[in-house]
Amino acid sequence: MTLLHSARRGLLAAVLTLAVLPAASFAQARTHRTDPAHRTDPAHCTAPTHVGDGRALSLALDWPGAAVPPGTAQALGVHVTNFGSTPTTAPTTVVVHGFVPNTYSADPGLTLTPVPDGVSFTLGAGVSPGETVSHTVTVKLGASVPPHATERCAVTATSGNDRATAAYDVVTGAPVVHVVATVLPARGKPGETVRLLAVLGNAGPSNEYTGPAVFTFRAPARSHWASPSGYRCAPDAARLVLTCRYPGAPLTWRDEVEELPLTLSATATPGTSLRGGTVSATDPFDPVTFHGAAFGVDVTS
């Protein structure tokens, strides 16, 4: 290794160490010069372990070290440094490669252009020797990408005949969902069995993968759940609580509609409303229990 080559590697290592900026600063400015006061935010970014070198261009990335739940967004910091002896004479095209169905966004000052497997953006010519230009591209993982998997992705920076490449690993974590439910308004006569329509769904951000989602319906006053109920649903012994279970992944692609048979008391008074019905729901991937709006049945003559 020549003395010049050795010195260049030393300079590269030093500048990359200084080029790692806190995630919040990426969105605030287009260009950052290396500054020893800047430090990586340990709660958001890992050190740029994947470094790509061209002849003059160098590329470093910031990507969270923790697993990313499907359907959620994370910031990818992209740092392009000119280690040449002269300013760049051509624009630099940066391509953020990813996988379908991920989507990408950036601050209004940065224009992203779709490419077959990601997006690209352009840095103007004239990046000075030793200067680092940093941008953030927000990568939103598709809600249906597999959990607990690793995808190797890449970023390339090309200016004229010079090209740098760096890799980043998208590690997906467990899904995070939010199950929801609503019971549509209904009416019936005293002693009649009516079929309530319950709309059950998942508000995301991830699709549901394994379940089981469990929805619990409490009957309004002066009513009880009738038999037979849906094949997923069963009442308790008093027929006041109906539990519907969804093993597998019924809420992955669409809402579910269940017909829930409810028998009104024969002594219910026409013109009144039977109130007090409630619905709650849980799911292994939902961090909170869902408590929906109350529901009831209007009694007709």
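W63 has its side chain within reach of V68: a pair of non-hydrogen atoms, C-beta onward, lies under 4.5 Å apart. V155 is listed as a side-chain neighbour of L76, based on a closest heavy-atom distance under 4.5 Å. Counting only heavy atoms from C-beta outward, the side chains of L274 and S265 never approach each other to under 4.5 Å. Counting heavy atoms from C-beta outward, E131 and N82 have side chains that stay 4.5 Å or more apart. Looking at heavy atoms from C-beta onward, V170 lies out of side-chain contact with Q74 at the 4.5 angstrom threshold. Looking at P284 and P212, their side chains come closer than 4.5 Å, going by heavy atoms from C-beta outward. Using a 4.5 Å cut-off on side-chain heavy atoms (C-beta onward), V127 and V80 make no contact.
Between the T136 side chain and the G77 main chain, no donor and acceptor come within less than 3.5 Å of each other. No donor-acceptor pair closer than 3.5 Å links the side chain of W225 to the backbone N or O of L262. Under a 3.5 Å cut-off, the side chain of T172 and the backbone N or O of P69 do not form any donor-acceptor pair. In this structure, D162 contributes its side chain and L57 its backbone to a donor-acceptor pair below 3.5 Å. Between the N202 side chain and the H178 main chain, a donor and an acceptor come within less than 3.5 Å of each other. Proximity of a side-chain donor or acceptor of S206 to a complementary backbone N or O of V176 within less than 3.5 Å is detected. Judged by distance alone, with hydrogens and angles left aside, the side-chain atoms of S159 form a donor-acceptor pair with the main-chain N or O of A90 at under 3.5 Å.
Residues satisfying the salt bridge (charged side-chain N to carboxylate O under 4.0 Å, His left out) test with R275, not counting sequence neighbours, are D298.
Summarising the geometry, atom CD belonging to E258 is positioned 4.5 Å from atom SG belonging to C233; distances are rounded to the nearest 0.5 Å. Atoms CG and CD, on L197 and E259 in that order, are 5.5 Å from each other to the nearest 0.5 Å. For the atom pair CZ of F295 and CG of L184, the computed distance is 11.0 Å after rounding to the nearest 0.5 Å. Between D107 atom CG and L112 atom CG the span is 9.5 Å, to the nearest 0.5 Å. From T93, atom OG1 reaches atom CZ of R163 across 10.0 Å, with rounding to the nearest 0.5 Å. Here the OG-NE2 distance, from S120 to H97, works out to 9.0 Å after rounding to the nearest 0.5 Å.
When only modelled atom types and interatomic distance are considered, H79 and S134 share a side-chain donor-acceptor pair under 3.5 Å.
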Atom pairs and distances, donor-acceptor, side-chain atoms in residues 213-222, under 3.5 Å, two or more places apart:
from	atom 1	to	atom 2	distance (Å)
R222	NH2	T267	O	2.6
R222	NH2	T267	OG1	2.5

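F121 and V115 are members of different hydrophobic clusters when ILVMFWY side chains are connected at heavy-atom separations under 4.5 Å. V194 and L240 are assigned to two separate hydrophobic clusters, defined by single-linkage of ILVMFWY side chains at heavy-atom distances under 4.5 Å. The hydrophobic cluster containing L110 does not contain V95, counting ILVMFWY residues as joined when their side-chain heavy atoms lie under 4.5 angstrom apart, directly or transitively. Cluster annotation: V137 is connected to F99 through the hydrophobic network of ILVMFWY side chains, with a link wherever side-chain heavy atoms come within less than 4.5 Å.
Shown here for A167 and L61, the closest heavy-atom pair between the two residues is O-CD1, 3.7 Å. Across G71 and K140, no two heavy atoms sit closer than the pair O-CE, 3.3 Å. Heavy atoms only, all atoms of each residue included: L242 and A234 are closest at CD1-C, 3.4 Å. Here the closest heavy-atom approach between residue S144 and residue N207 is recorded as CB-ND2, 3.4 Å. In this structure, F285 and A174 approach most closely via the heavy-atom pair CE2-CB, 4.3 Å. When all heavy atoms of G188 and V297 are compared, the closest pair comes out as N-CG1, 4.0 Å.
A side-chain contact (heavy atoms from CB on, under 4.5 Å) with F290 is found for one member of D283, L200, V180, T282 and no other, namely V180.
For residues 233-244, the side chain to side chain donor-acceptor pair (under 3.5 Å) pairs, not counting sequence neighbours, are S227-R239.
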For side chain to side chain contact (heavy atoms under 4.5 Å, CB included), just list the numbers for V78 and Y168, CA-CA rounded to whole Å, side-chain angles, deciding distance to a tenth of an Å, and then say yes or no. CA-CA 11 Å; V78 180; Y168 67 104; over 6 Å; no

Run T156 and T165 through side-chain hydrogen bond (donor to acceptor under 3.5 Å, both in side chains) and show every step you take. CA-CA 4 Å; T156 59; T165 301; 5.6 Å; no

